[in-house]
Amino acid sequence: MCGIAGWVSYRRDLTQQSQVLDAMTETMACRGPDARGTWADRHAALGHRRLAVIDLAGGAQPMSVDTADGEVVMVYSGETYNYTELRDELRRRGHRFTTDSDTEVVLRGYVEWGEAIGEHLNGMFAFAVWDSRTEKLVMVRDRLGVKPFYYYETEDGILFGSEPKAILANPLCSAVVGLDGLREMFSFAKTPGHAIWDGMRELRPGHVAVTDVNGSREYAYWRLEADDHTDDQQATVAHVRDLLDDIISRQLVADVPRCTLLSGGLDSSVITALAAQQLRERGETVRSFNVDFPNQEENFKAIDLAPTRDTPYAHAVAEHVRSDHRDVVLHGSELADPAVRQAAVGARDFPNGIGDRDNSMYLLFKAVREQSTVALSGESADELFGGYPWFHEDRYRYADTFPWLAGKGSLFEAGGLLDDDLTRRLDLGTYVQDHYVSALKEVPLKRGETGLEKRMRQVCYLNVTRKMQPLLDRKDRMSMAAGLEVRVPFCDHRLVQYVFNTPWSLKAFDGREKSLLRAATRDMLPPAVADRKKSGYPSTFDPQYLAAIQSQVSDLLNDDHPALALCSRDRLGEAMKADRDTISLQQRTVLERSLDLATWLDQRNPTLKLD
């Protein structure tokens, strides 16, 4: 896992731009704390920060291969889980390897297969290859968008980076955010390919982008397809289990300490149980980590997506699989620390966080990193297997909008934060509706598919391609800010494609959420965990936290902070004065998002184009 950055220019000599390349590369230091490297030729410059996970001694980057027609150079972020098989295949094709790294396999795979390299990889990855033989840059992102990749076209080339901050470090890129950027920030309707910064694009999952002297083009090398599903219920359950066994086996490969993130929910418990079983066969014990808060048993308040506390269930799983478990207990004063908020907002590059849950995730990952370098997560199982209420209740799944926004109004949680005039100009309801209609047109359907099966294919597609993306991005940004690699087994494209084409009647065969996943793994889990209802990532109810953020918002108001030009002062004032025992979720969200917004403005100093 690493951070990458680069610059291609066909009208200048980039060997004279080392200071700019260094500045771009150093913004990725948290993503790669173990090593750094740069490479430059006349028209291309590549930078890399490394988090060493496989072949610690031999995987240095940028990595190059000399061919008879010229040099091929790559910077790579991520992990390729089928690299041993690919290396064997490439050896049979005449390639000779000098390292044991997956990076070299991907590079030599490019030499063999060119732009089609992504089709051969199983993993989470984002990489760029400068091919001096044709003077073109080839950029590739994994199928589900686990690893981030952004680019910015210039008059004579392109800038790219794992995160926008790398591109913004180049003087050719202006930190400008227009109305569409603000709409992306506040709509909870992620648009693939869209970055909030004017002129910047996110390379879409499953896509390749190519830049040469004639300009840039982007195209898909993979997308979800509608196929026939011929397995019956028993065979489907068995195949899901077989896939999970293979996926965990591949994703446990590392030359550094590994662990799992264990909340006690079905998804993380499955990953932990499978990892524990496989490591036990090797004579190892799995490590597991959970986040908790002091006095949470007394302070906890059930909400729709988090009806139960995690810790008792996490402990039950840890005892059941005999993991080496640790609870990371976070105090309200830590979560409200402005330095922690600065780190979390800085990691994401924009203030689209979810309050204390962003801050706690960052602190959790910092604590995990003290003992492990790689963590396996249960992220994305809900989107894939149907874990949310909007998969199961007609009022959500038949709504004429993204199902997770149904019933929340067009402004969702941001509605209480923004100034009324800005709210009218953003017109988030129309923006969301336009993108919903556009997303529906992408959905692959089988001929003759109608009724509930058709609608549920649409709902599943929207969740995988829209709902999943901001959560994966959040997980990546927070983990890499702490120098931790988080792997997401449920994003293996083989599993995603198979489950996507499983009829809804099989996905919910017992009338419950995630029927397939429960059936495939029930034998490995305590009954209470196997039957536990979905409960989202926990939030703190520590009175110290609420008191601290109310005080911090009071400071914003007293200082007349520039963020207030975007916010409703009246609603901020009401939330600031709300009783800490009865404060509403929306009021709390208003407080948290105003602090995130102020932090972002202080860090990035963007130019806002509001007309």
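Computed from a predicted structure; not experimentally measured.
S268 and S263 are linked by a side-chain donor-acceptor pair at a separation below 3.5 angstrom, with hydrogens and angles left out of the test. Remark: the T373 side chain and the E485 side chain contain no N/O donor-acceptor pair separated by less than 3.5 Å.
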(request) Take D310 and Y537 through the side-chain hydrogen bond (donor to acceptor under 3.5 Å, both in side chains) test and state the conclusion after the steps. (result) CA-CA 9 Å; D310 280 346; Y537 186 84; over 6 Å; no
(request) Check the pair T236 / D231 against side-chain hydrogen bond (donor to acceptor under 3.5 Å, both in side chains), numbers first and verdict last. (result) CA-CA 6 Å; T236 299; D231 293 342; 4.7 Å; no
(request) Any chance you could lay out the salt bridge (Lys or Arg N to Asp or Glu O under 4.0 Å) test for D510 and R512, step after step, and finish with the verdict? (result) CA-CA 6 Å; D510 62 0; R512 294 201 59 191; 5.7 Å; no
(request) Please report the C-alpha distance between R49 and M480 in whole Å, then the side-chain angles of each, then the deciding distance to 0.1 Å, and finally whether the side chain to side chain contact (heavy atoms under 4.5 Å, CB included) criterion is met. (result) CA-CA 11 Å; R49 291 291 316 212; M480 294 310 297; over 6 Å; no
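Cation-pi geometry between R466 and Y436 is not met at under 6.0 angstrom from the ring centre and within 45 degrees of the axis. For the pair R457 and F500, the distance from NZ or CZ to the six-membered ring centre is under 6.0 Å and the angle to the ring normal is within 45 degrees. Remark: R532 is positioned above the aromatic ring of Y313, its terminal NZ or CZ atom under 6.0 angstrom from the ring centre and at most 45 degrees off the axis.
Counting only residues at least two apart or in different chains, ring pair (Phe, Tyr, Trp, His ring centres under 6.0 Å) contacts with residues 449-475 are absent.
The aromatic rings of Y388 and W390 sit parallel, their planes meeting at an angle under 30°, below the 60° perpendicular limit. Using cut-offs of 30° and 60° on the angle between ring planes, the pair F160 and F149 is parallel. Note: H325 and H315 have perpendicular aromatic rings, judged against thresholds of 30 and 60 degrees for the angle between ring planes.
The two residues L144 and P205 have their closest heavy-atom pair at C-CB, 3.7 Å. In terms of heavy atoms, S288 sits closest to S323 at OG-OG, 2.8 Å.
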Side chains of residues 276-283: which donor-acceptor pairs under 3.5 Å do they make with residues two or more places apart or in other chains?
residue : atom : partner : partner atom : Å
Q278    : OE1  : S249    : N            : 3.2
Q278    : NE2  : D245    : O            : 2.9
R280    : NH2  : V321    : O            : 3.0

Identify each donor-acceptor pair in which a side-chain atom of residues 109-119 lies under 3.5 Å from a protein atom, sequence neighbours left out, and give them as a table.
residue : atom : partner : partner atom : Å
Y110    : OH   : D131    : OD2          : 2.7
E112    : OE1  : H95     : NE2          : 2.8
E112    : OE2  : R93     : NH1          : 3.0
E115    : OE1  : R217    : NH2          : 3.4
E115    : OE1  : Y219    : OH           : 2.6
E115    : OE2  : K136    : NZ           : 2.8
E115    : OE2  : R217    : NH2          : 3.3

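Between atom CZ of residue F289 and atom CG of residue D324 there is a gap of 7.5 Å, rounded to the nearest 0.5 Å.
Not one N or O on the side chain of T211 forms a donor-acceptor pair closer than 3.5 Å with the backbone of S216. A donor-acceptor pair under 3.5 Å links the side-chain atoms of R141 to the main chain of L203, judged by distance alone.
Aromatic rings of Y76 and H48 (six-membered ring for Trp) have centroids beyond the 6.0 Å cut-off, not under it.
At least one side-chain heavy atom of K514 sits under 4.5 Å from a side-chain heavy atom of D382. Considering only heavy atoms from C-beta on, L244 comes within 4.5 Å of L274 through its side chain. Using a 4.5 Å heavy-atom cutoff, the side chains of V368 and C259 are in contact.
For CD of E319, the number of neighbouring non-hydrogen atoms (other residues, nucleotides, ligands) closer than 6.0 Å is 12 at most.
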